[in-house]
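So the structure is just underneath, and the comments pick up after that.
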2 protein chains.
Amino acid sequence: MQSEVLKGSVDVLLLSVLRTGEAHGYRIVELVREQSEGAFDLAEGTVYPALYRLERAGELASRWETVGGRRRRVYRLTRRGRRELVRRRREWEAYSRAMGAALA
Amino acid sequence: MQSEVLKGSVDVLLLSVLRTGEAHGYRIVELVREQSEGAFDLAEGTVYPALYRLERAGELASRWETVGGRRRRVYRLTRRGRRELVRRRREWEAYSRAMGAALA
DNA sequence: GGTTGACACCTAGTAGTAATAGGTATACAT
DNA sequence: ATGTATACCTATTACTACTAGGTGTCAACC
């Protein structure tokens, strides 16, 4: 079923909210909630490991930042990440279309 | 993320292709392929366990049949299965809408 | 001064799906 | 006899997402 689409739902969301600029983990959770109109409220235990995974895969890069005494790790898309975002979004669309056809 | 939606993608496909009548496992694989316009080619190792799971959950019922010397197990939706199909389809739609919003 | 809540990160363990990669058996055509 | 389509079954594995904790900073309030 080529189910990286399924498995990668969180991944594509993370890549997508970073498309307009960098953000740290906690903020990424908020962005996903906002941009999905409240539908996706990702647990931190889901997001942090996913971010490491994406960084290990070369799709994200990060740096440490300190703001108001609080440490943050700020993530941004790499070139590969941007490419992957496009690919995964297309995959999502194909998947979505197929589900639509099957469930019609 | 309420990810039964994700996890249940195969389940809702199986329920859906049975909405117009009963079918056996091998045929169900074909129906999913046809109705998804070729996009979903489920492995038998995915489908059979899923059918057992759905039967154990009371969403499907089955009977044995012999046609041309070949044994088949024919599945049909139960009332609960039909209800679940409606519920899962709605869930899929909400999920799909949210993904659409987030990836827009 | 202590408590609460928001901010911010981290990780070990678990449940569960889907894929992999086999296996068995019948019928029919070549 | 061999191959192909039909038809079912299952053990193992990889991987995701979730659960359920933990650490620490800062600001506000009582």
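Proteins come first, then strands; the chains are lettered A, B, ... in the order of their sequence lines, and each starts at number 1. Everything numeric here is computed off the predicted structure, so don't read it as measured data.
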Pairing residues for [X] by the side-chain hydrogen bond (donor to acceptor under 3.5 Å, both in side chains) criterion, not counting sequence neighbours:
X       : answer
A:Glu84 : A:Arg87, A:Arg88
A:Glu37 : none
B:Arg83 : none

Between [X] ([atom1]) and [N] ([atom2]), how many Å, whole number?
X       : N      : atom1 : atom2 : result
B:Tyr52 : D:dA7  : OH    : P     : 15 Å
A:Arg56 : D:dC15 : CZ    : P     : 10 Å
B:Trp64 : C:dA25 : CH2   : P     : 14 Å
B:Tyr48 : C:dA25 : OH    : P     : 16 Å
A:Leu51 : C:dC9  : CG    : P     : 9 Å
B:Leu42 : C:dA21 : CG    : P     : 17 Å
B:Arg53 : C:dA15 : CZ    : P     : 16 Å
B:Glu65 : D:dT6  : CD    : C1'   : 14 Å

Look at B:Glu65 together with B:Arg72 and state whether they make a salt bridge at an N to O cut-off of under 4.0 Å.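 Looking at B:Arg72 together with B:Glu65, the answer is yes, because their closest N to O distance falls below 4.0 Å.
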Quiz item: What is the minimum heavy-atom distance between B:Ala23 and B:Leu31, and which atoms define it?
Solution: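 B:Ala23 and B:Leu31 have their closest heavy atoms at CB-CD1, 4.0 Å.
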Can a side chain N or O of B:Arg73 be found less than 4.0 Å away from OP1 or OP2 on D:dC9?
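B:Arg73 to D:dC9 OP1/OP2: side-chain N or O found under 4.0 Å.
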Next item on the list: Give a yes/no answer on whether the side chain of B:Arg72 brings an N or O atom under 4.0 Å of OP1 or OP2 in D:dA7.
Entry: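 Result: yes.
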Within residues 23-32 of chain A, those residues having any heavy atom closer than 4.0 Å to DNA chain C are A:His24, A:Gly25, A:Tyr26
- request: Take B:Arg71 and B:Thr66 through the side chain to side chain donor-acceptor pair (under 3.5 Å) test and state the conclusion after the steps.
  value: CA-CA 5 Å; B:Arg71 281 186 343 143; B:Thr66 301; over 6 Å; no
Flag, side chain of B:Arg19 to backbone of B:Ser16, donor-acceptor distance under 3.5 Å
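Answer holds: yes.
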Using distance only, find each side-chain donor-acceptor pair of residues 42-50 of chain B under 3.5 Å and give its atom names and separation, not counting sequence neighbours.
none

Nearest to the side chain of A:Ala43, heavy atoms from C-beta on, is which of D:dT19, D:dA17, C:dA18?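 Closest nucleotide among those given: D:dT19.
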**Item:** Parallel, tilted or perpendicular: rings of B:Trp92 and B:Tyr95 (30°, 60°)
**Value:** tilted
Protein and nucleotides 23-27 of chain D: nitrogen or oxygen contacts under 3.5 angstrom:
residue	atom	partner	partner atom	Å
D:dT25	O3'	A:Gly69	O	3.1
D:dT25	O2	A:Arg70	NE	3.1

